[in-house]
Each structure stands twice: as structure tokens, then as C-alpha cells.
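On a predicted model such as this, the values are computed, not experimentally measured, just so you know. All values below were derived from every heavy atom in this structure, side-chain atoms included, with hydrogens, water molecules and symmetry-related copies excluded.
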Amino acid sequence: MSQTYSTTSGTISGTWFDVYVPRDRRLAPPGEYTSKITVSTPSGDRVELTLALTVWDFALPEETHVAGNIHNDTELNTFAPELELKYYQMMRRHRLAMGVLGYAPDITVQGSNIQFDWTSYDARLGKYLDGSAFTEKYGYSGPGYGVPIEMLVLPFDVYPVNVYHDTGSAGVPYGKEWKFYRPWPVDLPDSGPTTEYGEVWKKSFRAFEDHFDQHPSWNRTKPIVFLLSLDESYDEGSIQKFLYYGGLLRASGAKRLKFRIDGSYPMETMDRLTNVVDISILGVRAFVPERVQQLRKKGVEDWFYAGTDILDADPLGCRALGWVAWKYQARSWTIWELDFNALHAWMD
């Protein structure tokens, strides 16, 4: 992967490349390896470098047990399937997961009844959920061969939030998370939540669980309910909404689905939410041992939020995250996000 930057003194190009070491000890005996790398330019400049590689006498498992993930709510779900597949495979080779928003089955809602058509949803995601996207069938080789994706963010969201307190560089107010995401599975009535509205949500939760249960090969993927429009929302009204929608998930009986919130909520707030929250992604400053232990005792899975980053940032930052998670025994970590196309689109 390469990236070119223009500066006042000229043009700088950075290049990143992977060296894949086979898991089979016979193909990659432990030891020290060296290789020559030649870098040349169209103008004829040329430099030779030496790559030194140490291969240790152990192999990492195919499964990723600390499923560090990169959030994505930009355009990945609208890419052509061939390009989308390359992104998923690239992330798998780096033992990472993606939390991609926007995938939704086709639905028809009439009153409190909801009908699902899973045809296009399954055609798009089935190969990731059963692991076949990471096999020779789709041209894949490398870590996690044949292993399904670790998590899938479901399409649930509530309504557009009020205009955020800040504005963009042009003085134009923007929404909480840069882009407007439609309410799903149904719009909130102007009068507020009704019994009919709540029934649609509960039926939708159950429908996802039932559909996943019909595919035993999908049972290694964690389905996550994350309401983007309430991300890092700390006011009392937002807390009430967490309680309401998380309560609907609990009442639905869909135990496989996990309700996730992001933000550094005080423990007094978490004491109110632990009955409905399964995953709490804490800001780094809030990820302190005492707090994390309190959450674990309450049955909440702790992840930490590693801040905003992009794939062409300093690669050492991504490497460090795994070590931090291991040292503090975090269940996972999250970078926000895969790219900044949404921000660029808004600025343009």
C-alpha cells in the first residue's frame, strides 16, 4: 500500500508492504532471514535496502481472540462486492475485524407486522458469515483461513439527532456522526414510542436471531446492536433511550444479539444501564483497572476506544493496540474509522 503527499519542499511517498509467514513450520522454519529490497524511481534513482526478519518457533491461531476492530460508517457497504471483498480480506490478513454499518435486509412494515426478505442480505454477507470469503474459493490465503468474521453490526438505529453543538469549518451545523442514517426498522412516531412501535423492534430482534440460528455455520459471528445516532450521548434523554431500546432487546428474548454503547459514561450511569448493555466501549482515559473490574462484575464486556485513526497512519499505533489490549486484558479495542470519506464528502 502506498500514499503520496505533497509538501512545500516536494513530494513524499510512503509505502507499506506485508511479509506473510506461513503457519506450517516446514514451510517457514524458525530463524533469521534477510532479503534485498531495491527501490527505484522513473528518473533512474535507485537505492538498495536490507530486510531482516526473525521467525519465531510458534504460530498464531487462526482465530482472533482479541478481535480488534475498525469501525466503518462511510461507503464500504456501497462498494462493488469485488472491492468490498478485498477490504475484508486485507483486514483478515492483519488479524483485524470491521464493524461496518449499513447492511440491512429488505423489509415491509404494516402496523406491528414486519416481513423480511433476506435474499440480497444473505447473498452479500453469507460468505463472510460462514468464512468462505477467506478461502481459496475467493482467492484468499493467509491468517484466519476459512474463519467467519468475528462480529457484524446490525442495521438498527433510531432517528436523526438534534444538531450537534459544534459546526464545520464553513459554519454549517453537522449531525452527531457526520452523516444522517435512517431510522431502522421503522420511523419513530411523532407522538413518541407506542406499543406498536416497540413490537416492530422486538420482532426485528427475534427475526435476526432466528435467521442466524437457521445457519449453523454463522454461529461464530457476534451480532451487535449499536445505535449510531446515540453514540457518545450523555444527556438524560439519551440515557432513557438506551434503557428503552436495550429493554426492548431484552424483552424480545434474542439473547444472541449484544447491545453496545460507546463513550466514557460515569459509573453512576453504568449502574443504571448494566441490565440492558452487553458491551461498553470506553474512552482510553476511562479504561482504568478499577472501573473495568466494576463493569466486568456487572456482566458488561469491556472494549476500549483507541481514538480516530486511518489505515495510512503510523502503523506502529495499530501494532501497539494489540499489546495494550493484552496487557490490560481488554476484551477488544476499536479504532474509528476505516477511512474519512464521509468527512471529505461533507467538506466538499
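- Salt bridge Asp262/Arg260: present, at least one basic N to carboxylate O contact under 4.0 Å.
- One finds the CG atom of Leu101 at 5.5 Å from the CG atom of Leu228 (value rounded to the nearest 0.5 Å).
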Check your understanding: Would Met91 and Lys86 satisfy side-chain contact (heavy atoms from CB on, under 4.5 Å), going step by step from the backbone distance to the final call?
Key -> CA-CA 9 Å; Met91 298 293 285; Lys86 293 181 182 297; over 6 Å; no
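- Residues Phe208 and Phe156 place their aromatic rings such that the two centres sit under 6.0 Å apart.
- Ion pairing between a basic and an acidic side chain is recognised when a charged N comes within 4.0 Å of a carboxylate O; Lys202 and Glu199 show such pairing.
- Judged by distance alone, the side chain of Glu301 and the main-chain N or O of Ser332 form no donor-acceptor pair under 3.5 Å.
- Judged by distance alone, the side chain of Ser204 and the main-chain N or O of Val200 form a donor-acceptor pair under 3.5 Å.
- For Gln294 (side chain) and Met267 (main-chain N/O), no donor-acceptor pair under 3.5 Å exists by modelled atom type.
- For the pair Glu62 (side chain) and Gly144 (backbone), a donor-acceptor distance under 3.5 Å is present.
- Looking at Lys241, its side chain does come within 3.5 Å of a backbone N or O of Gly237 through a donor-acceptor pair.
- The side-chain heavy atoms of Pro185 and Ile114, taken from C-beta on, include a pair separated by under 4.5 Å.
- Judged by distance alone, the side chain of Asn219 and the main-chain N or O of Asp213 form no donor-acceptor pair under 3.5 Å.
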Review point. Tyr121 and Tyr103: ring pair (Phe, Tyr, Trp, His ring centres under 6.0 Å), yes or no, with the steps?
Key: CA-CA 7 Å; Tyr121 189 83; Tyr103 298 120; 7.1 Å; no
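- Checking side-chain atoms of Gln89 against main-chain N and O of Ala133 turns up a donor-acceptor pair under 3.5 Å.
- Salt bridge Glu84/Arg124: present, at least one basic N to carboxylate O contact under 4.0 Å.
- Taking the ring centroids of Trp201 and Tyr244, they lie at or beyond the 6.0 Å cut-off.
- Judged by distance alone, the side chain of Lys258 and the main-chain N or O of Ile279 form no donor-acceptor pair under 3.5 Å.
- For Phe134 and Tyr145, the ring centers sit 6.0 Å or farther from each other.
- Although no hydrogens or angles enter the test, the distance criterion places a donor-acceptor pair under 3.5 Å between the side chain of Arg23 and the main chain of Leu60.
- Using a 4.0 Å cut-off between charged side-chain N and carboxylate O, Asp210 and Arg256 make no salt bridge.
- A salt bridge links Arg92 with Glu150; the closest basic N to acidic carboxylate O contact falls under 4.0 Å.
- Phe58 and Leu53 end up in different hydrophobic clusters when Ile, Leu, Val, Met, Phe, Trp and Tyr side chains are linked at under 4.5 Å.
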Check your understanding: Can you check side-chain contact (heavy atoms from CB on, under 4.5 Å) on Glu209 and Leu257, steps first, answer last?
Key -> CA-CA 7 Å; Glu209 177 156 275; Leu257 278 56; 4.0 Å; yes
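- A side chain to side chain contact (heavy atoms under 4.5 Å, CB included) with Ile149 is found for exactly one of Leu125, Val100, Leu129, namely Leu129.
- With hydrogens and angles ignored, the 3.5 Å screen pairs a side-chain donor or acceptor of Ser252 with a backbone N or O of Ala254.
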